[in-house]
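One structure below.
Chain A is the first sequence line, chain B the second, and so forth, proteins listed ahead of strands; every chain is numbered from 1. Heavy atoms only: backbone and side chains are in, while hydrogens, waters and symmetry mates are out. Computed from a predicted structure; not experimentally measured.
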Amino acid sequence: MDLAKEFLSLKRKLFDKLYDDLNSKQREAVYSVNGPLLILAGAGSGKTTVLVRRIAHIIRYGDAYNSSYVPDWINEAVLEEMKKAADYSKDDLAAYLIRFAVDRAPAWSVLGITFTNKAAGEIKARISEIFGEVSEEVSEITTGTFHSVCCRFLRMYGDKIGYDKNFSICDTSDSKSLITDCMNRLNIDEKNLSVKSVQSIISRAKDKLQTPDDLLSEAGQDIKIKKVAEVYSLYQSRLEAQNLLDFDDIIMQTVRLLTEHEEVREKLQSKYRYISVDEYQDTNYAQLKLTLLLSGKYRNIMVVGDDDQSIYKFRGAVIENILNFDKNYSDTKIIRLEENYRSTQTILNAANGVISNNKGRLGKTLWTQSEKGELISIKKLPDQVAEGKYICRVISDTSVKEDLSFRNFAVLYRMNAQSRAIEQALAKSAIPYRVLGGLRFFDRMEVKDIVSYLNIINNPVDDVRLKRIVNTPRRGIGAKSFDVASTLAAAEGYSVLELMRNAKKYPAISAVAAKAMQDFCYLIDSLKEYSYSHTTAETIAKVIDATGYGEMVADIPERTEREERSSNLEELINTAGQYDEDAEDPTLSEFLEEVALVSDVDKYDESADAVVLMTIHSAKGLEFPVVFLPGMEEGVFPGYQTIMNPEEIEEERRLAYVAITRAKKRVYITHVGSRMMNGKTQMNPISRFAEEIPAELTERTEDEQYGAFTRNRAAFVSTGRSIVNPSSSYTRSSVYSPFSSHTKSAKTTPQASEKLDIGDNVIHSMFGKGVVLSAKEMGGDILYEVVFEEHGLKKLMGTYAKLKKVN
DNA sequence: AGCTAAAATGTTTTT
DNA sequence: CATTTTAGCT
């Protein structure tokens with residue numbers, strides 16, 4: 001009796017001891033294993049840690065902490081031993097406590113949904129770390145984004161709702177071209193109804209799980225929506241006929257699968273006993289429905305989120321999902337994590353100052369034990385060029401003065417277009433940098449083309465991809481012939497490729513074109529055959545060769561373009577080779593899925609020593625010691641489209657909150673007097689979000705280049721900080737750059753293909769001076785990424801590029 | 001069919 | 001302004 005009581009108390013103390021690096025709220029979250037759990041986690045409050053530790057806890061100890069079960073082998077001796085265990089090392093204690101485990105969950109019963117694929121990988125890596133080895137078990141945990149997890153389900157059971165296992169995913173631009181096609185077929189004039197808006201209305205409808213009929217009935221008298229519903233209906237039937245899913249379908253069709261097929265739902269509900277969802281504030285209705293379905297049996301669902309960081313409304317995210325979580329799940333336990341471990345007090349107070357202007361928040365007060373830190377620097381510059389130079393100068397100054405490597409700096413902006421001016425400045429001052437976003441690797445034309453071939457090999461009814469590459473390189477199947485073929489195909493109920501195989505039967509197709517079509521089919525046949533017995537990388541190489549695409553690229557007259565494209569194709573083969581190596585059971589189909597679902601941040605490599613540039617959206621979940629926020633102007637951030645709409649302004653403000661809270665030590669806000677946008681010069685006032693930061697937390701200066709003045713809004717700024725020092729080193733930002741010490745002594749070491757290391761300074765005959773950013777082994781050669789002073793980031797092959805090392 | 005040159009057009013954020 | 005679409009020519 002007393003024995004039992006003492007045992008339970010000792011047991012809990014030992015667990016508290018095991019997790020003594022967490023705060024009490026975090027521990028409570030880890031222990032809350034069963035039942036619905038909502039964690040309201042402020043920025044930098046260690047939510048990922050909690051997520052990871054909780055999953056590890058569930059697998060290792062189950063509900064051991066809360067359970068009042070007393071094993072019959074408990075006696076005085078055991079209690080004595082337990083008292084001693086308090087002094088064990090963490091590892092020993094962790095191992096010791098396993099004997100008290102109650103109702104442990106097998107790793108395969110855990111599902112963790114994250115916002116990026118990268119985060120999914122990190123969760124597994126961190127759990128492996130906790131378990132002390134890369135165990136077989138950890139790999140059985142299912143982690144991924146909503147999209148990747150749903151794809152997995154659809155590959156398994158998609159046939160039940162009419163999808164072949166080899167379905168392909170079409171991205172936004174593929175789906176745009178299909179919608180355009182549908183609108184043409186329905187004789188809808190693009191002038192009255194833009195493809196873009198149709199696409200977005202359809203997408204939002206799918207986020208809400210609306211079918212074309214649902215949309216139509218919702219339309220009422222709205223002619224525009226009625227038209228869209230008509231397009232949606234055709235678009236959807238064509239997607240289905242081609243075994244294609246767009247991004248929204250991946251979720252929506254999974255929900256349909258789980259709704260319509262009880263046996264599948266039952267199977268998955270029973271399998272996933274423990275479900276966690278990260279970044280819950282950015283889920284849409286379809287995703288909410290999905291989590292409700294999956295967690296329907298056990299109701300062991302934990303969601304983590306922060307209503308102040310909801311920034312994906314444009315993608316259908318509904319903040320109500322997190323606000324009303326406890327209404328969807330009765331007896332929800334709510335835990336708030338409000339202690340911030342990331343930022344200085346100044347940064348935190350600045351962020352709080354901004355976000356407090358929003359209404360309708362759940363409300364929370366972030367606090368930190370860390371020091372005050374430095375003031376937020378707000379600087380006005382004449383234009384974007386000066387803005388870029390200024391950022392470079394601060395980076396080079398700070399990196400030297402404080403011995404900070406470049407990876408500690410991030411430049412976060414509202415839109416991708418802002419990156420250009422900053423990139424140029426960085427390239428000039430030879431600061432190594434990396435740009436995430438903008439044109440994704442897989443969105444490059446040549447990469448998309450080859451991937452389209454692969455998609456056709458994998459899923460021959462994919463007419464969208466077929467249209468894209470049927471005449472690239474030219475093979476005499478022009479737009480007109482293809483049009484005729486697809487009209488015939490639609491009439492006869494074939495896929496276009498099938499029809500092309502028998503093109504000669506149709507008099508409407510010219511004999512020349514028919515011959516070319518048949519040859520094309522044979523080409524695809526042979527590639528398909530080849531793919532059965534070869535790796536993905538080999539297949540890609542074969543595609544590039546056999547289709548004549550490689551030759552076409554080799555014949556590009558302009559040198560830079562030719563090199564750029566061929567190096568992209570090499571990189572594609574390289575990526576596939578990596579995939580072949582890493583994947584358990586590599587298949588073309590799975591490779592294509594990965595290609596479709598990777599995001600930019602997934603490829604962000606923290607180990608590369610380079611300044612990183614990305615949008616604030618991409619930076620969600622990341623942190624950096626020093627953060628630059630350029631373009632803090634009305635009309636840029638908040639964007640001019642949002643200024644009239646209070647709701648959208650609130651979303652922009654949340655974005656500003658996310659931006660500021662990325663920083664650990666310092667924030668540099670810049671705004672410019674005149675900015676070139678869309679060919680026009682604009683004079684934007686400083687962003688309201690910068691003004692909302694309490695004045696005493698800021699240090700405001702204006703660059704003196706065009707005369708002007710310096711003013712301190714903060715009356716009592718302690719002086720002495722010299723990072724912002726307008727006149728001295730302004731013109732030459734490369735003073736502290738990696739090149740500076742080499743520019744005078746230009747003694748080069750002429751060696752054809754010596755091995756280069758990361759950080760080496762090199763000279764290229766074409767591009768001039770640069771720094772090696774990364775080196776990757778690739779088919780007996782080495783692929784270097786080099787940032788050049790004048791030309792920015794280039795990818796070069798070791799043997800081919802004739803890079804000379806400079807000392 | 002395919003090329004070139006002129007015209008139109010669009011501009012947030014992303015899986 | 002920078003990309004994409006179209007018209008007109010070969």
Have a look at A/Met676 and say if it touches a base, only the backbone sugar-phosphate, or nothing, with a 4.0 Å heavy-atom cut-off. sugar-phosphate

On the nucleotide B/dT15, are OP1 or OP2 found under 4.0 Å from the side-chain N or O atoms that A/Thr116 carries? no

Mind calculating the distance between CG (A/Asn471) and C1' (B/dA1) to the nearest angstrom? 8 Å

Check whether any side-chain N or O of A/Asn284 sits under 4.0 Å from OP1 or OP2 of B/dT15, and answer yes or no. no

Counting side-chain heavy atoms from CB outward, which of B/dA1, B/dT15, B/dT14 is closest to A/Ser618? B/dT14

Ring-on-base stacking between A/Phe314 and B/dT14, under 5.5 Å between centres and under 30° between planes: is it there? no

In terms of side-chain heavy atoms of A/Met415, which of B/dT15, B/dA1, B/dT12 is nearest? B/dT12

From CZ of A/Arg420 across to C1' of C/dA2 the rounded distance in Å is 8 Å

Is the phosphate of B/dT14, meaning OP1 or OP2, less than 4.0 Å from a side-chain N or O of A/Lys620? no

Reckon A/Gly478 touches a base, only the sugar-phosphate, or nothing at all at heavy-atom distances under 4.0 Å? sugar-phosphate

Among B/dT15, B/dT11, B/dA1, the nucleotide that comes nearest once only the side chain of A/Tyr640 is considered: B/dT11

Below 4.0 angstrom, N of the basic side chain to O of the carboxylate: do A/Glu606 and A/Lys118 qualify? yes

What nucleic acid atoms does A/Asn416 come within less than 4.0 Å of, heavy atoms only: base, sugar-phosphate, or nothing? sugar-phosphate

Is any NZ, NE, NH1 or NH2 atom of the basic residue among A/Arg654 and A/Glu651 found under 4.0 Å from an Asp or Glu carboxylate oxygen of the other? yes

With P as the reference atom in both, quote the distance from B/dT13 to C/dT4 in angstrom, rounded to an integer. 15 Å

Between B/dT11 and C/dT6, how far apart are the P atoms? Round to whole Å, please. 15 Å

Checking side-chain hydrogen bond (donor to acceptor under 3.5 Å, both in side chains) against A/Arg465, which of A/Asn459, A/Asp174, A/Asp449, A/Asn458 comes through? A/Asp174

To the nearest angstrom, how far is A/Lys515 atom NZ from B/dA1 atom C1'? 18 Å

Whole angstrom value for the distance that separates P of C/dT4 from CG of A/Asp443: 11 Å

When only distance counts, do a donor and an acceptor, one from the side chain of A/Arg315 and one from the base of B/dT15, lie under 3.5 Å apart? no

Are OP1 or OP2 of B/dT14 and a side-chain N or O of A/Ser599 less than 4.0 angstrom apart? no

For B/dT9, the Watson-Crick or wobble partner whose two distances fall under 3.5 Å: C/dA2

Check A/Asp605 with A/Arg434, please: is the shortest side-chain N to carboxylate O separation under 4.0 Å? no

Under a 4.0 Å N-O cut-off, is there an ion pair linking A/Arg152 with A/Glu593? no

Over all strands shown, is A/Ser148 touching base, sugar-phosphate only, or nothing at heavy-atom distances under 4.0 angstrom? nothing

Salt-bridge criterion met for A/Asp483 and A/Lys480 (N-O under 4.0 Å): no

Can you tell me the distance, in whole Å, between the CG atom of A/Leu597 and the C1' atom of B/dT14? 12 Å

Rounded to whole Å, the CG-P distance (A/Asp383 to C/dC1) equals 14 Å

Students often get this wrong, so: under 4.0 angstrom with heavy atoms, is A/Tyr312 touching a base, only sugar-phosphate, or nothing? sugar-phosphate

Atom CD of A/Gln199 and atom P of B/dT15: how far apart are they, to the nearest Å? 15 Å

Under 4.0 angstrom, heavy atoms only, what part of the nucleic acid is A/Asp248 near: base, sugar-phosphate, or nothing? nothing

Of A/Arg474 and A/Thr172, the one whose nearest nucleotide on DNA chain B sits closer to the 5' end is A/Arg474

Atom-to-atom span, CE of A/Met183 to C1' of C/dT5 - whole angstrom: 15 Å

Tell me what A/Ile477 touches on the nucleic acid: a base, only sugar-phosphate, or nothing, going by heavy atoms under 4.0 Å. sugar-phosphate

Side-chain donor/acceptor of A/Thr615 to base of B/dT14, under 3.5 Å: no

Examine the side chains of A/Thr283 and A/Asn321 and answer whether a donor and an acceptor come within less than 3.5 Å of each other. yes

